[in-house]
Asker: 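Take a look at this one; I'll ask things after.
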Amino acid sequence: MNTVICRTIAQVRDELSALRSRGSVGLVPTMGNLHDGHAQLIARSCEDNAVTIVSVFVNPLQFGPNEDFASYPRTLDADLALMRAHEVDLVFAPTDEEMYPLGREGSTRVCVPEISSVLCGAHRPGHFDGVTTVVLKLLNVAAPTRAYFGEKDYQQLTLIRKMVSDLDVAVEIVGVPTVRAADGLALSSRNQYLSETQRRTAPILAKTLRALTQQLAAGNRDFPRLIREAQSSLDAAGFHTDYVAIHHPLTLAPSTMNDRTFVVLAAARLGTARLIDNMQVST
């Protein structure tokens with residue numbers, strides 16, 4: 001199967017106009033440097049839809065001034081090999097200028113209020129405005145039936161669902177479960193920033209969240225103490241913890257004593273890598 005590589009918005013629209021007669025279109029937005037987690041998103045889209053398009057774009061709007069935009073791994077040749085193996089129909093790999101012809105500062109931004117400023121948003125100001133802006137642009141470019149996002153980026157997934165609902169975008173947002181290494185570490189392109197020693201430490205993040213969910217399942221509702229103990233465990237292991245939080249899985253509001261479902265989220269730095277993870281539990 002021939003995977004068509006598109007560099008411009010006009011080319012994407014032209015190619016898709018000829019393919020839509022096959023049936024539904026699935027979009028998988030990525031920043032490239034694809035791993036098995038991305039492969040699961042692509043496989044799900046290919047299973048669900050007649051046509052799959054994958055975007056590969058390291059979006060400058062979602063990086064802060066001291067973050068890793070310049071060093072973020074760009075591996076398009078390897079990414080294309082993975083996508084061809086999955087028989088992806090189209091790849092959209094635009095330049096910054098194609099996506100933001102007026103430049104970063106001159107472009108309209110999309111903001112989802114409140115939940116974009118908590119958790120990761122509190123530690124990465126403006127990050128989620130960059131995410132929602134580029135995702136809305138990609139949805140407008142491809143006009144897919146469905147778009148696929150990993151549950152590892154839980155806050156991002158929640159924001160995108162709210163944006164699509166609030167703005168009446170005609171697309172189904174599909175969350176795909178987190179893919180983990182054998183030792184439990186959630187797969188991420190940034191895992192390659194870990195040294196060998198840090199990589200052995202990294203699974204403690206997932207183990208800590210799992211222990212917290214077990215406490216919630218057992219009926220423990222002392223949220224402040226549970227969070228303090230989890231943070232202490234991470235810090236003792238060598239992490240620099242940004243946050244551990246217990247929230248409602250649909251709204252991302254802080255959990256209350258009356259809740260029966262929870263999502264436990266954390267972000268912690270290990271060396272130069274910022275790791276995020278989450279787990280859900282129902283009681």
Side-chain angles (χ1 to χ4, degrees), residues 4-20 25-34 38 41 52-76 79-80 83 88-118 120-149 153 155-171 173 189-190 274:
V4 177
I5 303 170
C6 303
R7 296 291 188 175
T8 68
I9 292 169
Q11 187 182 5
V12 171
R13 287 174 170 161
D14 286 345
E15 294 289 344
L16 281 174
S17 68
L19 294 173
R20 290 189 193 278
V25 175
L27 168 67
V28 182
T30 82
M31 293 204 302
N33 195 226
L34 305 184
H38 296 106
L41 297 175
T52 289
I53 175 171
V54 178
S55 63
V56 177
F57 179 61
V58 183
N59 176 33
L61 291 191
Q62 66 193 71
F63 287 80
N66 298 313
E67 295 185 340
D68 57 341
F69 174 70
S71 61
Y72 193 87
R74 293 159 170 84
T75 56
L76 185 58
D79 296 343
L80 289 172
M83 288 185 278
V88 168
D89 298 277
L90 297 179
V91 175
F92 180 36
T95 62
D96 290 5
E97 292 73 21
E98 178 68 14
M99 292 298 286
Y100 305 113
L102 299 179
R104 303 180 196 179
E105 300 306 319
S107 298
T108 298
R109 305 291 180 101
V110 179
C111 176
V112 178
E114 297 181 2
I115 56 175
S116 64
S117 60
V118 300
C120 281
H123 293 271
R124 303 181 68 187
H127 166 69
F128 285 118
D129 292 356
V131 171
T132 47
T133 297
V134 76
V135 169
L136 184 59
K137 286 176 70 70
L138 291 169
L139 293 174
N140 285 334
V141 169
T145 313
R146 303 177 184 90
Y148 295 79
F149 298 87
D153 298 289
Q155 185 176 8
Q156 172 180 281
L157 176 60
T158 304
L159 280 159
I160 290 167
R161 282 178 167 152
K162 180 169 172 52
M163 176 190 71
V164 163
S165 175
D166 288 352
L167 299 181
D168 304 310
V169 183
V171 65
I173 301 300
S189 296
R190 289 186 169 99
R274 184 176 188 272

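Keep in mind it's a predicted model, so treat the numbers as computed, not measured. Only heavy atoms go into these numbers, but all of them, side chains included; no hydrogens, no water, no symmetry mates.
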Asker: Where the side chain of Q155 meets the backbone of I115, is there a donor-acceptor pair that is under 3.5 Å apart?
Answerer: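 At least one qualifying donor-acceptor pair exists.
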Asker: Whether the side chain of S189 engages the backbone of N33 through a donor-acceptor N/O pair (distance < 3.5 Å, no angle test) should be reported.
Answerer: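 Present.
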Asker: Does T95 form a side-chain contact (heavy atoms from CB on, under 4.5 Å) with F57? I'd like the steps, not just the answer.
Answerer: CA-CA 8 Å; T95 62; F57 179 61; over 6 Å; no
Asker: Determine whether V131 and L159 make a side-chain contact, defined as any pair of heavy atoms from C-beta on separated by less than 4.5 Å.
Answerer: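 A side-chain contact is absent here, since even the closest heavy-atom pair is not under 4.5 Å.
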Asker: Taking atom OG1 of T108 and atom CG of D129, what is their separation to the nearest 0.5 Å?
Answerer: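 Going from the OG1 atom of T108 to the CG atom of D129 covers 12.0 Å.
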Asker: Strictly distance-based, threshold 3.5 Å: is any side-chain N or O of T132 a donor or acceptor partner for the main-chain N or O of V110?
Answerer: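 Yes, the answer is positive, given that a donor and an acceptor are paired below the 3.5 Å cut-off.
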Asker: Heavy atoms, side chains only, cut-off 4.5 Å: are E105 and Y100 in contact?
Answerer: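 No, too far: nothing below the 4.5 Å cut-off.
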Asker: Rounded to the nearest 0.5 Å, what's the gap from CZ on F128 to OG on S117? Could you check?
Answerer: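 Between F128 CZ and S117 OG, I get 10.0 Å after rounding to 0.5 Å.
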Asker: Report yes or no: is the cationic atom of R104 (NZ for Lys, CZ for Arg) closer than 6.0 Å to the six-membered ring centre of F69, at no more than 45° off its axis?
Answerer: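 Satisfied, under 6.0 Å and within 45°.
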Asker: Where do V56 and V91 land on the side-chain contact (heavy atoms from CB on, under 4.5 Å) test, with the steps shown first?
Answerer: CA-CA 7 Å; V56 177; V91 175; 4.2 Å; yes
Asker: Determine the interplanar angle of the Y72 and F63 rings, folded into 0 to 90°, and report it as parallel if under 30°, tilted if 30 to 60°, perpendicular if over 60°.
Answerer: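 Perpendicular.
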Asker: Looking at V112 and S116, what are the two nearest heavy atoms and their distance?
Answerer: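 Minimum heavy-atom contact is O-OG, 2.6 Å.
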Asker: Please walk me through it: do I9 and F92 pass side-chain contact (heavy atoms from CB on, under 4.5 Å)?
Answerer: CA-CA 8 Å; I9 292 169; F92 180 36; 3.9 Å; yes
Asker: Can D79 and R74 be counted as an ion pair, charged N to O under 4.0 angstrom?
Answerer: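 Salt bridge flag = no for R74 with D79.
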Asker: Which pair of non-hydrogen atoms, one from C6 and one from E15, has the smallest distance, and what is that distance?
Answerer: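 Heavy-atom minimum between the residues: SG-CG, 3.9 Å.
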Asker: Please test N59 against Q62 for side-chain hydrogen bond (donor to acceptor under 3.5 Å, both in side chains), starting from the C-alpha separation and ending with a verdict.
Answerer: CA-CA 6 Å; N59 176 33; Q62 66 193 71; 2.9 Å; yes
Asker: So among T52, L90, V25, V4, which one has a side chain to side chain contact (heavy atoms under 4.5 Å, CB included) with L19?
Answerer: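 By the side chain to side chain contact (heavy atoms under 4.5 Å, CB included) criterion, L19 pairs with just one of T52, L90, V25, V4: L90.
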Asker: Out of S107, P94, S55, which one pairs with M99 under the side chain to side chain contact (heavy atoms under 4.5 Å, CB included) rule?
Answerer: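 That would be P94; it is the only one of S107, P94, S55 passing the side chain to side chain contact (heavy atoms under 4.5 Å, CB included) with M99.
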Asker: Taking the side chain as every heavy atom from C-beta outward, state whether C120 and Q156 have any atom pair closer than 4.5 Å.
Answerer: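 SC-SC contact between C120 and Q156 ruled out.
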Asker: Is any side-chain heavy atom of V88 closer than 4.5 Å to one of I53?
Answerer: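 The answer is no, as the side chains (C-beta and beyond) never meet within the 4.5 Å cut-off.
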Asker: Walk me through whether L167 and L136 qualify under side-chain contact (heavy atoms from CB on, under 4.5 Å).
Answerer: CA-CA 10 Å; L167 299 181; L136 184 59; 4.0 Å; yes
Asker: Show the nearest heavy-atom pair for residues P144 and V171, with the distance to one decimal.
Answerer: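 Closest approach of P144 to V171, heavy atoms only: O-CG2, 3.6 Å.
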Asker: Quick one, V134 and L61 - any side-chain contact, counting heavy atoms below 4.5 Å?
Answerer: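 In short, these two side chains do not touch, never coming nearer than 4.5 Å.
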Asker: Under the 3.5 angstrom rule, does the side chain of Q11 hit a backbone N or O of R7 as a donor-acceptor pair?
Answerer: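 Looks like yes, one N/O pair under 3.5 Å.
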Asker: Could you tell me the separation between the CG atom of L41 and the NE2 atom of H38, rounded to the nearest 0.5 Å?
Answerer: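 Result: 7.0 Å between the selected atoms.
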Asker: Check E67 with R124, please: is the shortest side-chain N to carboxylate O separation under 4.0 Å?
Answerer: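 Result for this pair is yes, salt bridge flagged.
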Asker: Could you tell me whether the side chain of V135 reaches within less than 4.5 Å of the side chain of F149, counting heavy atoms only?
Answerer: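 Heavy-atom side-chain distance check passes, below 4.5 Å.
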Asker: Is the shortest side-chain heavy-atom distance between L80 and I5 below 4.5 Å?
Answerer: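 Result yes, sub-4.5 Å side-chain heavy-atom pair found.
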Asker: Are any of the side-chain heavy atoms of R190 and D68 separated by less than 4.5 Å?
Answerer: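 A side-chain contact under 4.5 Å exists here.
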Asker: For V58 and D96, which heavy atoms make the closest approach, and how far apart are they?
Answerer: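 Closest approach of V58 to D96: O-OD1, 4.1 Å.
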Asker: Find the distance between NZ (K162) and CD (E114) and round it off to the nearest 0.5 Å.
Answerer: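 Here the interatomic distance stands at 7.5 Å.
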Asker: What are the two closest non-hydrogen atoms of T30 and G32, and how far apart are they?
Answerer: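 It is OG1-N, 3.0 Å.
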